[in-house]
Structure formats: structure tokens, C-alpha cells
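Reading through the C-alpha cells given below for one structure.
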Amino acid sequence: PIPTEEHPLQPFLPPHARLLMLGSFPPQKKRWCMDFYYPNFINDMWRIMGYIFHGDRNWFVDERAKCFKKEMIVEFLLDKGIALYDTASAIRRLQDNASDKVLEVVTPTDLPRLLGQIPRCTAIVTTGQKATDTLREQLEVGEPKVGDYAEFVFEGRAMRLYRMPSSSRAYPLALDKKAAAYRIMYQDLQMLV
């Protein structure tokens, strides 16, 4: 039988967070370069963030160590009010890789519980199709096109679900084009100041 993997990280939930970023599930530990979200060195999330917020795709990258600068990333997320977790808290990998296509969600994340811990959060962003599908099974919200958002109400809170391109290199879009989509979201949320 295929083993079930429990999520290896605690949700990163700054109490003042206004945006919750949700991927599907972390890659296997053998692909990690740091003990945090988007840990695979060939994933471009932290390059996208560096590019948008600092004009430098390598702002959060330690090129020599082939790793990301976790302390700088955490400081940045706390400063901007960005929370991180994933839409699955337990999965099975049907093949030995990090592709969402081979992830079977065993236990979806309890999103109402997560959102209850970040009362100022008014926007969620999913960073892939699996994450979007898993979230939509729990929250009543239409599916936005990639690069766009859908509005919904959660327990009286007006919210937006943004659907951004995957930061995985397997998603065939240049980094600057991915960053352009994310930039619009951060401008909308008035986080680019």
C-alpha cells in the first residue's frame, strides 16, 4: 500500500495576516533546501517574490549554498502580513515525484479553522490547480481564471480567492510572466508599498 504522508510543517499564520497563500502539499524532504514553504530550490516562488518586491529575482536566494534565505523570507512575510499553508494536510503520492497530478488528498486542510486564526485575512491565493480544486470542495466560491480572482463571503467576511500560476518550473510560463500575474494581486491588495 502507498503510505500516507502528514504535512511536515506547521501553518505559518502571522496574526495580522491579510493574505493566505495555499499550495497543495510540500515536495518530498529529499527535494528540500530549507525547512519552510516552497523549499525546492527549483521552485520559483521566492524568486517571484524577490522580483516583485525588490526588483531582484535572487533577493531571497543564496546562490552559493543553492538554498533560499529562510530568515529573510520569514521577516518579509511577517512585514507584509502573508500567511502560508497548503490545502492538503495528508496525502498519498501515487508516483515518486512532487507533481500535483500524482497527489491523492487523504485529508484536506480545515480551512475554516485556519481562517478563524487570521481574522484580518480577506484574500486567499491558490498556486496551482490541485490547490484550487481542494479549496473549492470546502468553500463556496467560483473558480477564477489563472491570474484573476473570484469574490465570496466566509462567515460574514468579504473575501477574494486569487488563482495564480504555479511557481513550479513544470508550469510552462516564464518567471517574469508569472511575476506579472502575482504583481497585479499584490497591487490589488495594496501590499506593494
Side-chain angles (χ1 to χ4, degrees), residues 4-91 93 96-100 103 105-111 113-115 117-118 120-121 123-128 130-132 134-135 162 164-171 175 178-179 181-183 185-186 189 191-192:
T4 297
E5 286 178 52
E6 297 293 326
H7 202 295
L9 298 166
Q10 288 300 308
F12 180 80
L13 302 173
H16 62 289
R18 296 189 302 130
L19 173 66
L20 172 60
M21 291 186 70
L22 295 171
S24 51
F25 198 81
Q28 296 129 303
K29 278 267 175 136
K30 66 184 179 187
R31 291 186 163 78
W32 290 26
C33 75
M34 69 172 174
D35 210 19
F36 199 61
Y37 291 88
Y38 303 98
N40 188 335
F41 193 66
I42 61 167
N43 185 293
D44 280 329
M45 183 57 74
W46 303 120
R47 291 177 186 87
I48 290 167
M49 296 288 206
Y51 187 81
I52 294 171
F53 287 92
H54 298 282
D56 178 2
R57 66 187 295 163
N58 291 319
W59 185 264
F60 296 114
V61 178
D62 181 340
E63 210 45 77
R64 276 211 329 251
K66 292 271 181 265
C67 197
F68 299 111
K69 299 173 182 172
K70 180 184 170 185
E71 289 73 23
M72 275 177 68
I73 290 167
V74 168
E75 196 176 303
F76 160 78
L77 296 168
L78 289 170
D79 178 57
K80 293 293 175 189
I82 300 173
L84 299 173
Y85 198 54
D86 290 301
T87 54
S89 52
I91 55 103
R93 290 183 206 278
D96 185 36
N97 66 40
S99 168
D100 278 358
L103 286 187
V105 175
V106 176
T107 312
T109 297
D110 183 344
L111 294 172
R113 192 168 154 263
L114 218 53
L115 288 169
Q117 295 175 66
I118 44 175
R120 293 192 197 163
C121 180
I124 297 173
V125 56
T126 50
T127 60
K130 175 75 82 177
T132 306
T134 308
L135 173 136
Y162 285 88
M164 288 295 127
S166 170
S167 54
S168 164
R169 298 244 174 116
Y171 188 81
L175 185 122
K178 290 181 185 183
Y182 280 84
R183 180 184 304 277
M185 173 183 74
Y186 288 116
L189 299 173
M191 294 173 110
L192 270 178

| task | Give the intermediate values and the outcome of side chain to side chain contact (heavy atoms under 4.5 Å, CB included) for residues M45 and M49. | result | CA-CA 6 Å; M45 183 57 74; M49 296 288 206; 4.3 Å; yes
| task | Evaluate the side chain to side chain contact (heavy atoms under 4.5 Å, CB included) criterion for residues M164 and I48: first the C-alpha distance (whole Å), next the side-chain angles of each, then the deciding distance (0.1 Å), finally the verdict. | result | CA-CA 12 Å; M164 288 295 127; I48 290 167; over 6 Å; no
| task | Test side chain to side chain contact (heavy atoms under 4.5 Å, CB included) on N43 and Y37 and set out the steps. | result | CA-CA 10 Å; N43 185 293; Y37 291 88; over 6 Å; no
| Residue pair V74, K70: steps toward the side chain to side chain contact (heavy atoms under 4.5 Å, CB included) verdict | CA-CA 6 Å; V74 168; K70 180 184 170 185; 4.2 Å; yes
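Here T126 contributes atom OG1 and L20 contributes atom CG; the two are 10.0 Å apart, rounded to the nearest 0.5 Å. The distance from the CD1 atom of I118 to the CD1 atom of I124 is 7.5 Å, given to the nearest 0.5 Å. Taken to the nearest 0.5 Å, the CE atom of M21 stands 6.0 Å off from the CG atom of L84. Atom NZ of K80 sits about 6.5 Å away from atom CG of L192, to the nearest 0.5 Å. Annotation: the span from L22 atom CG to L114 atom CG amounts to 7.0 Å, rounded to 0.5 Å. The line from NZ of K69 to CE of M34 is 12.5 Å long, rounded to the nearest 0.5 Å.
In this model, a donor atom of one side chain and an acceptor atom of the other lie less than 3.5 Å apart for Y38 and T127.
With sequence neighbours excluded, the residues that form a ring pair (Phe, Tyr, Trp, His ring centres under 6.0 Å) with Y85 are H7. For F36, the ring pair (Phe, Tyr, Trp, His ring centres under 6.0 Å) partners two or more places apart in sequence, or in a different chain, are F12.
The side-chain heavy atoms of F76 and F60, taken from C-beta on, include a pair separated by under 4.5 Å. Contact check for L9 versus D35: side-chain heavy atoms found under the 4.5 Å cut-off. L19 is listed as a side-chain neighbour of Y186, based on a closest heavy-atom distance under 4.5 Å. Contact annotation: the side chain of F25 never approaches that of K130 to less than 4.5 Å [non-hydrogen atoms, C-beta and beyond].
Side chain of T109 to main chain of D86: a donor-acceptor pair is present (N/O by atom type, distance under 3.5 Å, no hydrogens or angles). At least one donor-acceptor pair under 3.5 Å links the side chain of W32 to the backbone N or O of P27. No side-chain donor-acceptor contact under 3.5 Å links Y162 to the backbone of Y182. Panel note: side chain R47, backbone L175; no donor-acceptor pair is recorded below 3.5 Å. The main-chain N or O of I42 is found under 3.5 Å from a side-chain atom of R169 such that the two form a donor-acceptor pair. Judged by distance alone, with hydrogens and angles left aside, the side-chain atoms of S89 form a donor-acceptor pair with the main-chain N or O of T107 at under 3.5 Å. With K66 contributing its side chain and C33 its backbone, the two residues share no donor-acceptor pair below 3.5 Å. At least one donor-acceptor pair closer than 3.5 Å links the side chain of K178 to the backbone N or O of S168.
Within 6.0 Å of atom CZ in R120, 12 or fewer heavy atoms from other residues, nucleotides or ligands are found, so the atom counts as exposed in its surroundings. The number of heavy atoms from other shown groups lying within 6.0 Å of CD (Q117) is above 12.
Heavy atoms only, all atoms of each residue included: N58 and E63 are closest at OD1-OE1, 3.8 Å. Looking at every heavy atom in both residues, S24 comes nearest to A131 through N-CB, 3.9 Å.
Relative orientation of the F41 and F68 rings is tilted, given thresholds of 30° and 60° on the angle between their planes.
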